[in-house]
Structure formats: structure tokens, C-alpha cells
There are 2 protein chains.
Amino acid sequence: MRLASPTIVEVAKRAGVSISTVSRCLNHPDKVGKKTLQRVRKVIDDINFSPNALAQSFRRGKTNIILVVVHEIGSGLLSEVVGGIRSVLDGRYAVILTESRPDAAQPASFIEMLVAKQVEGVILLCSVPPFSRKIIELNKARNLPIVIGLEPLSDELRKLPSVHIDNFAAASEATAYLIGLGHRRIAFVSGPRQSYVTLDRERGFVAAMADAGLDGSNVHYADLSVNGGINAANDILAGAPPSAIFCANDDMALGVMSAAARRGLSIPDALSVLGFDDMRYAAIANPPLSTVAQPAREIGIHAARRLLDAIDNPDEPGRQTEILQHRLVIRSSTGRGPG
Amino acid sequence: MRLASPTIVEVAKRAGVSISTVSRCLNHPDKVGKKTLQRVRKVIDDINFSPNALAQSFRRGKTNIILVVVHEIGSGLLSEVVGGIRSVLDGRYAVILTESRPDAAQPASFIEMLVAKQVEGVILLCSVPPFSRKIIELNKARNLPIVIGLEPLSDELRKLPSVHIDNFAAASEATAYLIGLGHRRIAFVSGPRQSYVTLDRERGFVAAMADAGLDGSNVHYADLSVNGGINAANDILAGAPPSAIFCANDDMALGVMSAAARRGLSIPDALSVLGFDDMRYAAIANPPLSTVAQPAREIGIHAARRLLDAIDNPDEPGRQTEILQHRLVIRSSTGRGPG
DNA sequence: ACGATATGTGAAAACGTTGCCATTCACAAG
DNA sequence: CTTGTGAATGGCAACGTTTTCACATATCGT
């Protein structure tokens, strides 16, 4: 049977003081007499009292909790971003995470509301419905501070502060790099069409191809997973194969490399593969994967700072989107093309 | 300026009913007159009221939140486990996550307490201090239901329900497999000494080597990361190199493969590498990594069920540790040894 | 030794809900 | 026309804390 936890009242009784005094001992110990403090502390220790956090939060109207929403936790990139976030928030706020990927086919509705309102701010690391939509409502209705990280703004999110790289520019630079290497036939493996990140990257690719007078229509859609990359590669390689494949993220690039290896294509001699994100395993892939790096930790840090701003000055809209620098990192999965 | 959110009182006033009635409309709509219900709902809609979750939780003494503690989110294995957990908890509870890795050199104390007490149960996916210690205290003091997943019990956790594989048996089977392949000189890359998981695996390795009359003393310690694997491999390969390296997790195995590749060692011809966990990228490593698979999703599912049990029957201790089946998955990073 | 100022303490009012109990009212059965 | 029943509603206490205010007592300068 769950024991009823002792309350402040119990402590007061045993210590022979008033409730207020106990509360003071907890929150403003300097305002309490030395002897009293000692006595109260002793009691607290004796009966193993600790204040009911729910009651505290309720009374104070403050939880000191920040929520970070990710689509799914198993990504090294997110881990970095979260590390950045925590590096600025830890100590001031408890950082909790929640996944937005639906698992059971649940309405995904009331539960998030519940979570969201116990929270003083939200960092969205995934800008996709339906979860985000709920959060936005909260933002509007309750003035819940929100910042978006990693992903550019979808239309409905247009008004929110955000921190990310210029995915369009990055993808087009990367494409230009491939072209510079002599590649002429380049395929692009994009992500789901509702993802603004990959959409930007796709547009960057297309634009760079057009700039060079090349055909940028060889675009395939996958689900950002390794398997998606494998499938896309099989599709692409079945036809007249390009000399390079540029993927909207590293997972798919790894999938492509795997599929290529299975077909006996040597990388980068027969096929160049370029990824995006520079996630943890890119550097030790075989061969090491060329990719475009996002400053993940920085993104986390900036996002957290923006959130702090938003919390401290609830009225100001705050600067809007903040663009951080990407970096093309060239390893061994890309080589000279036939051109 | 943050608007004060409208309360149930405001709604009552506008709808010309009592507070109780509004509350009833929210919680037991069937017990309210049709017309009244309609009217109240209209007001709720008009002024965009939604109940203060903090007050609700406080009053009900219930938050409907389950906390999952992981060391760091960036792991595909954890992602699976969490998927399993959510598949049973979603809808009934909101599942939130928190990392135990310290970031700022913060006392890691009060914040977790705060979080922990707003929560109705905890699944620990990392059994290491200091975080877990706090949680255990809570468990003792408040009867907070806890279950450990993925990791065996440390001494202080001995009393808690847990769900994991038999790491000792798995490691010793895997070692036996390597020996069966003809390997005689086998190195083991273990994890930090305070980790019970890797300790069990290490003991399994040592025992299997001893059983076969081989020298099981070639054990190196690393930090479970890719880089740790690389460093360990460099150490190991500098001396008289073994014909196989067995790693306590896949990340390190990937690191070992990468270091080996850099040295021009071909896998599995010159060196067999065996991992542990079967994380997402093991299958598409080059060559694909042999490893021992944990039923990650299952572990999550079982852990969640155990937690539900513990919540529903707070008195019963519940069956203690639950062992799930591991599976040796043989891919291409292991081959015949010189023996 | 006097009023003035600290200092320590307690009483009581919140915070926004929920749920028990009492009340009212309409209507059916007697 | 009374009485009993059930449905719909309102009043109010409670949940455990924090905080304001007032009060008592100790400390100080002169």
C-alpha cells in the first residue's frame, strides 16, 4: 500500500512550529532562527519529508521544466543538439524529452496537452504535424514560449523563432562540389515531401544542377532511413546509373553505400556518395562518408538561449530565424566523376 | 505580457452556472443537463479555456506521466526500447524521457527530484549513478514504482524488478562461437568497470575462454564509444595482434573495424570482429558486423508491463528479474581463425 | 531607560481544481 | 394531494504549498 507521504503539516506538528516556519526553512532558511531551523531540519530528516512537487508547482505556477520534442530519440545528431540545449539549461531547468512519432495509433492529443502545460517552454526539434500543431495551439492560446531547432519553418510555424542552417545553400554548395568533381549525372535521394528540411535540400540540389545546365530531375523519395536509402539506391542503380548520388541525410547515404557495396560497385571509383548531417557514424563508414555537417551542438545552444529570451521577455517577438553555418566535409566516399 | 489564463471560475460566471457544474461538464458530461452542457461548452470555446493541468494533477494527485531515464538519447537500441515502452504505455500515460548524462558539472540533484516526483513511475534504462541513486531513494521514500530495463542490477538496485538478457551467457556463447571458428587468441574490449552490463559480458568472455583452456586475459577497457573502440584497437593491434576481437558493444566494434581498415587489415580475413547489441548500423557496416542481438523492443514492452503491474499493485514486490532471449547474429565480420 | 528598528514567528488567504453532500425541482406512483 | 424517486445543480471543503500581514520579542542608538 502506498504510504501517504508526510506533509509540511506533519513536520510543523512534530517540530512544534507553524506551517509557515517549515516552509520558510525550506525556501528562506536565512529568515529563520538558528535553533528553530535546526530543529525543523532534524524533523524533516527524521520522517524523511520532502515537499510535494506537484503542490509546489501548482502554488508557484512554475515547474522549471523545459520540454524538447524530437521525432524519435535514436539519432546521434539529436543527441548533440540536446547536449547543447542542456549545456545552457541544466541547473536552471529540468530538460525532458518526448517523442512525436506516433506509436500506437493514438489520437496523440490530450496526452501532449497534459505534458505541454506542465512545462514552461518547448523546443521543437521536429516541425511536423500532428504533434507540432498541438504545441502551436498552446503557444497561441497560452503564450507558451516555443523555439524551433534544426528544422526550417513550415507555414504554420512561420511566426516562431527558429535556429537552423541554410539547407538550400548547403545542398546547392554540396551539389556544386559534386559537379566540380566532374559528375554530370547525379541523383538525389530526398525525404518525405512534407518535411521542409529535406524539401529545402532538394530545392538546393535542383537549383545547383540547373545553374550548371544539368538535369536535376533524378530525384527519388525515401523515408530518411537506412532502408529507405537501400531501396532508393536499388531503384536508381537499376536504370542508367548516375556517377554520384547525393542523399538528404546520412542514414540514407549509408543505405546507398551498403546497396552499392552489395552490387559490387566500388565507392568512390564507380559511384560517389554524398550525405547530409555528419552524424556520428559518417566518419567511420567504409569508406568514410563525405557529407555536409550541421553545427548540431551550436544549434542546441542557440535554441536554448532563444528560449530563455522568450521566457524572460514574453512580450517581445524576438528576432526571428537564426541561421548557423554549415560545413562541407569531404572524406572518401566522393571522387572524380567521368566528366 | 503573459495573459492570465482563464479559469473554471470565469467560465462558471459567464455561463451562469456553478463551478461544480463546469467541472462536471469537463469530467462527467453525462451527469449534466443537455442545455447546460451546451451552454458551458460554448463559453469554454469562446474564451478558449482549458483547465490548468498543474491544478488538476495536484488535486487528483496524479499526473499520468511515466519517466524513462536514459544515459544519452543518441542510440538506436534505446530508440527501439522506447518504442516498445510506448507501444504499451501510450494512451494511458504520457511517456517522457530524461538524460542522465551530466552536462554542465551540475549537482544533478534537485532537478531530478523535481521531475521525478511529478511522475507516476520510472523506467531506468541506465543503472549507473548518480542519477539512478536519487531515483532509488525516491523509490524507497515514496514508493515510486521503478523498473530497470536493458541493464542488470547493480547491488544497490538488487530489489527492483528488471528486464534484460543474460549478458554473461550471451557473451560466453559468442566467445564459444569465435573459438569454434578456430580463433585462439581473442581480445575483448570491455566497457567502463562500473557498468554491470559490460562487466557481465566481460565475465562471460573470460569464462568461455577458460572453459576452452585459452588465455582470456587480453581484456581492454574503453568507454563504449566508437572512438573508444578505435583507441582500443590501436592498442591491441600494436602488440602481437589476436585473430579476433570481441567488443562489449557495437559502437566499439565499429571503431575497431574502422581502425583495422585504416591499418589495411582486411576483415574478416586478417581479423574477425564481433560486436554486441545489433544496433541499427551493424547490418550495413562494411563488412556487415556479426553481433549478438538484444530483443530491444521486447525489453521495452516487458519493462512497461512490469511497471504497469507495479503501479496497479503497489504492495506486491512482483517477480524480480526477467530474462529475455538474446540471439547470435552472424554476418560477415567474423570468419575462420588460424586454428 | 525610551522609542525605534530588526528579527523571528504564526494565522490565514490564496492557487484552480475535484468530489462529496445537500438542495431543488419535476414527475410518477400511491 | 401526498410521498418517493431521480436528475440536475450549487455550496463548500479539501489537496499541500507559499506568501502576505500582523504581531511579539529582541536589539539598538541616544
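Below, chain A is the first sequence line, B the second, and so on; all start at residue 1.
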Length of the line joining B:Leu54:CG and C:dT18:P, which is rounded to integer Å = 13 Å
So, is B:His28 close to the C:dT18 phosphate, meaning a side-chain N or O under 4.0 Å from OP1 or OP2?
-> no
Could you state the CD-P distance from A:Glu10 to D:dG16, rounded to the nearest angstrom?
-> 12 Å
Nearest-Å distance for atom pair CD1/P, residues B:Ile44 and C:dG16 | 16 Å
A:Phe58 on top of D:dT17's base, within under 5.5 Å and under 30°?
-> no
Residue pair A:Gln118 / A:Thr63, side-chain donor-acceptor N/O under 3.5 Å | no
Give a yes/no on whether any side-chain N or O of B:Gln56 is located under 4.0 angstrom from OP1 or OP2 of C:dG16.
-> no
Measure from the side chain of A:Arg24, starting at C-beta and using heavy atoms only, and say which of C:dG16, C:dT9, C:dG19 lies closest.
-> C:dT9
Can you check the A:Lys62 NZ to D:dT18 P distance for me, whole Å?
-> 14 Å
How close or far is atom P of D:dT17 from atom CD of B:Gln118, stated in whole angstroms?
-> 13 Å
Does B:Ser20 place a side-chain N or O at less than 4.0 Å from the phosphate oxygens OP1/OP2 of D:dG11?
-> no
Do any side-chain nitrogens or oxygens of B:Ser18 fall under 4.0 Å of OP1 or OP2 in D:dG10?
-> yes
Short side-chain N/O contact from A:Asn52 to OP1 or OP2 of D:dT17, under 4.0 Å | no
Describe the nucleic acid contact of A:Ser23 in one word from base, sugar-phosphate, nothing, applying a heavy-atom distance below 4.0 Å.
-> base
note: A:Ile19, atom CD1; D:dC15, atom C1'; distance rounded to Å ~ 13 Å
Toward the 5' end of DNA chain D, which comes first, A:Arg59 or B:Lys31, by nearest nucleotide?
-> B:Lys31
Is a salt bridge present between B:Asp46 and B:Lys42, judged by a nitrogen-to-oxygen distance below 4.0 Å?
-> yes
Let me see the working for B:Leu97 and B:Val82 under side chain to side chain contact (heavy atoms under 4.5 Å, CB included), right down to the final yes or no.
-> CA-CA 9 Å; B:Leu97 295 133; B:Val82 170; 3.8 Å; yes
Determine yes or no for a side-chain-to-main-chain donor-acceptor pair under 3.5 angstrom, with B:Glu322 supplying the side chain and B:Ser162 the backbone.
-> no
Nearest-angstrom distance from the residue atom CD1 of B:Ile8 to C1' of C:dC15 = 13 Å
Atom CZ of A:Arg39 and atom P of C:dG8: how far apart are they, to the nearest Å?
-> 14 Å
Are A:Thr36 and C:dT9 close enough that a side-chain N or O sits under 4.0 Å from OP1 or OP2?
-> yes
Within the side chain of A:Ser57, is there an N or O that forms a donor-acceptor pair under 3.5 Å with the backbone of A:Ala53?
-> yes
May I ask you to evaluate whether B:Arg60 reaches the phosphate of C:dT18, defined as a side-chain N or O under 4.0 Å from OP1 or OP2?
-> yes
